[in-house]
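Below, chains carry the letters A, B, ... as their sequence lines are ordered, and counting in each starts from 1. Below, each value reflects all heavy atoms present in this structure, side chains not excepted, and no hydrogens, waters or symmetry copies.
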Number of protein chains: 2
Amino acid sequence: MARPPLNKDKLVATATELFSSKGYQATSVRDIAAAMDMTVSNIYHYFGSKEGLLRAVLEHYSKVLLDQLRDAVSQDLEPVERFRLLLSTHLRVAGTRPRENKIFLLDDERLSPEGREDSRAVQREVMSIYINELRNLDRHGLLRDQQLRIQAFNIFGIINWHMRWYRPQGSLTLDETIDGICDFILLGMIKRSDG
Amino acid sequence: MARPPLNKDKLVATATELFSSKGYQATSVRDIAAAMDMTVSNIYHYFGSKEGLLRAVLEHYSKVLLDQLRDAVSQDLEPVERFRLLLSTHLRVAGTRPRENKIFLLDDERLSPEGREDSRAVQREVMSIYINELRNLDRHGLLRDQQLRIQAFNIFGIINWHMRWYRPQGSLTLDETIDGICDFILLGMIKRSDG
DNA sequence: CTTTATATCGAACGCTCGTTATGTTAAAAA
DNA sequence: TTTTTAACATAACGAGCGTTCGATATAAAG
């Protein structure tokens with residue numbers, strides 16, 4: 001046994017790069033093999049199938065995302081402050097791992113039923129983290145609207161759209177962008193007299 | 001000449017249905033031919049290529065969307081009211097044509113450079129409509145934040161995410177959902193004392 | 001009726017895809 | 001040293017893909 005996990009990790013990284021830039025379906029196993037300078041059959045030796053590689057990519061990202069979100073909501077903070085921490089954490093994970101995030105959002109439709117169910121379970125878990133926090137805000141009379149799921153979906157839309165336009169080399173830093181987005185979510189667009 | 005535009009329209013409709021449910025790449029020209037009960041070569045007679053069909057789908061949707069948005073912002077209304085009309089119009093088009101919207105958002109990456117440029121032009125036009133309205137709001141001192149493009153991107157995220165979760169057969173009507181989303185965008189999540 | 005243009009078809013071409021069967025190297029285990 | 005096992009390679013299979021070619025049917029135009 002030479003260095004088995006080393007090459008396996010590099011394979012996941014290369015697949016992430018290619019899947020995110022060309023799309024899962026448009027990326028052939030031969031593309032990945034060429035980028036790794038190895039043969040196709042070797043990839044099958046490691047992952048068994050093309051979908052096995054996709055699942056490895058998704059499982060890695062899911063773990064990172066859920067760990068960070070759970071950590072954020074476990075902090076002992078004022079309701080609004082903790083919600084802001086949840087938002088900024090989510091934005092930071094998605095913003096620093098745009099490739100994994102893109103695959104997670106777009107290519108889960110290409111999974112087999114079992115893989116799709118795993119992906120859905122992660123999405124449900126993220127949703128339940130948000131619903132818990134929204135309930136907490138509502139308990140303190142801080143929520144303007146009680147349609148919690150719609151609020152959550154709106155937030156996911158903003159966060160997940162973020163990756164389509166944010167470029168690290170742009171004029172705003174990631175921190176500035178994240179603050180602006182959190183304010184947008186919490187306060188809305190229109191200027192208010194008490195803000 | 002029998003009824004040329006009739007079959008051509010049906011072909012665009014069938015392609016829309018299949019492209020949106022399975023994705024552009026996962027839909028073969030043979031799939032579409034089978035759904036239309038015609039042969040593959042007949043599709044090529046009409047559209048010349050698979051991409052030709054995709055472009056026909058996108059051009060149709062782009063025209064509808066831009067027409068409606070332009071009509072909304074041409075109304076003579078108070079700034080906030082006109083912005084709310086723009087939002088609700090956009091949400092209504094996307095919500096009543098979820099299939100076209102999905103293809104428009106996801107499959108423009110599969111176009112050739114020329115087709116991609118056409119699609120980008122439409123996206124730029126939509127953005128400029130929003131920027132104009134945001135400038136108008138700002139001129140009246142109504143905007144909380146002056147990062148206009150970020151505001152616009154946040155809005156697009158919410159609107160385009162809408163199609164991933166909204167189901168007409170759900171408990172809320174489209175109108176109720178649209179109102180809730182407009183309020184979210186304009187007022188934010190947190191209850192304010194002057195609201 | 002003849003010409004012409006459109007609508008439709010059947011069959012194939014060349015290519016790429018995911019996958020597998022079989023073999024070889026090389027390093028760790030015994 | 002022998003055995004075993006993981007890491008790699010070569011070569012192919014069968015299927016599906018987008019596309020094209022050549023022919024036919026059909027209806028409008030002359």
Side-chain angles (χ1 to χ4, degrees), chain A residues 1-58 103 106-116, chain B residues 1-58 103 106-116:
Chain A
M1 198 193 304
R3 333 128 284 208
L6 218 160
N7 257 358
K8 208 168 176 181
D9 287 356
K10 237 187 115 181
L11 211 33
V12 171
T14 303
T16 300
E17 179 64 37
L18 289 175
F19 287 165
S20 69
S21 66
K22 308 175 46 169
Y24 173 70
Q25 289 193 100
T27 304
S28 73
V29 181
R30 285 168 175 85
D31 289 338
I32 301 168
M36 286 286 294
D37 201 26
M38 65 171 42
T39 48
V40 179
S41 51
N42 207 16
I43 294 179
Y44 280 84
H45 169 65
Y46 279 120
F47 292 98
S49 68
K50 189 187 178 185
E51 177 170 341
L53 241 180
L54 176 58
R55 291 175 69 155
V57 171
L58 293 182
I103 299 168
L106 298 185
D107 289 319
D108 75 311
E109 298 194 23
R110 309 301 149 209
L111 290 165
S112 64
E114 314 93 72
R116 207 170 154 74
Chain B
M1 197 192 303
R3 337 129 284 208
L6 220 161
N7 255 358
K8 209 170 173 179
D9 287 355
K10 239 186 112 181
L11 210 33
V12 171
T14 303
T16 301
E17 179 64 37
L18 290 175
F19 287 164
S20 70
S21 66
K22 309 174 46 170
Y24 172 71
Q25 290 192 98
T27 304
S28 71
V29 180
R30 284 166 177 85
D31 288 338
I32 301 167
M36 286 286 292
D37 201 27
M38 66 172 41
T39 46
V40 180
S41 48
N42 207 15
I43 294 180
Y44 280 83
H45 169 66
Y46 279 120
F47 292 98
S49 68
K50 189 187 179 187
E51 177 170 342
L53 242 180
L54 176 57
R55 290 175 71 154
V57 171
L58 293 182
I103 300 167
L106 299 184
D107 289 319
D108 76 308
E109 298 194 22
R110 309 301 149 209
L111 290 166
S112 64
E114 313 94 73
R116 209 171 152 74

Send over the distance from [X] [atom1] to [N] [atom2], rounded to a whole Å.
{"X": "Leu11(B)", "N": "dT8(C)", "atom1": "CG", "atom2": "P", "result": "10 Å"}
{"X": "His45(A)", "N": "dT5(D)", "atom1": "NE2", "atom2": "P", "result": "13 Å"}
{"X": "Phe47(A)", "N": "dT20(C)", "atom1": "CZ", "atom2": "C1'", "result": "18 Å"}
{"X": "Tyr46(A)", "N": "dT19(C)", "atom1": "OH", "atom2": "C1'", "result": "19 Å"}

Please enumerate all residues that pass side-chain contact (heavy atoms from CB on, under 4.5 Å) together with [X], with sequence neighbours excluded.
{"X": "Tyr44(B)", "answer": "Val29(B), Val40(B)"}
{"X": "Ala13(B)", "answer": "none"}
{"X": "Ala34(A)", "answer": "none"}

Can you pull out every salt bridge (Lys or Arg N to Asp or Glu O under 4.0 Å) where at least one residue sits in residues 14-24 of chain A? Sequence neighbours excluded, please.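 Sorted pair list: Glu17(A)-Arg99(A), Lys22(A)-Asp31(A).
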I need the full list of salt bridge (Lys or Arg N to Asp or Glu O under 4.0 Å) pairs touching residues 34-51 of chain B, with sequence neighbours left out, sorted by first then second residue. Glu51(B)-Arg55(B)
Can you give me the N/O atom pairs linking the protein to nucleotides 22-24 of chain D at distances under 3.5 Å, or say none if there are none?
none

With sequence neighbours excluded, residues passing salt bridge (Lys or Arg N to Asp or Glu O under 4.0 Å) with Arg110(A):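 So Arg110(A) forms no salt bridge (Lys or Arg N to Asp or Glu O under 4.0 Å) with any residue.
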Reading nucleotides 13-18 of chain C from 5' to 3' and marking B where a protein heavy atom lies under 4.0 Å of the base, S where only the sugar-phosphate is that close, and - otherwise, the string is ----BB
Only counting residues at least two apart or in another chain, list the ones meeting ring-ring contact (aromatic ring centres under 6.0 Å, His included) with Tyr24(B). Phe19(B)
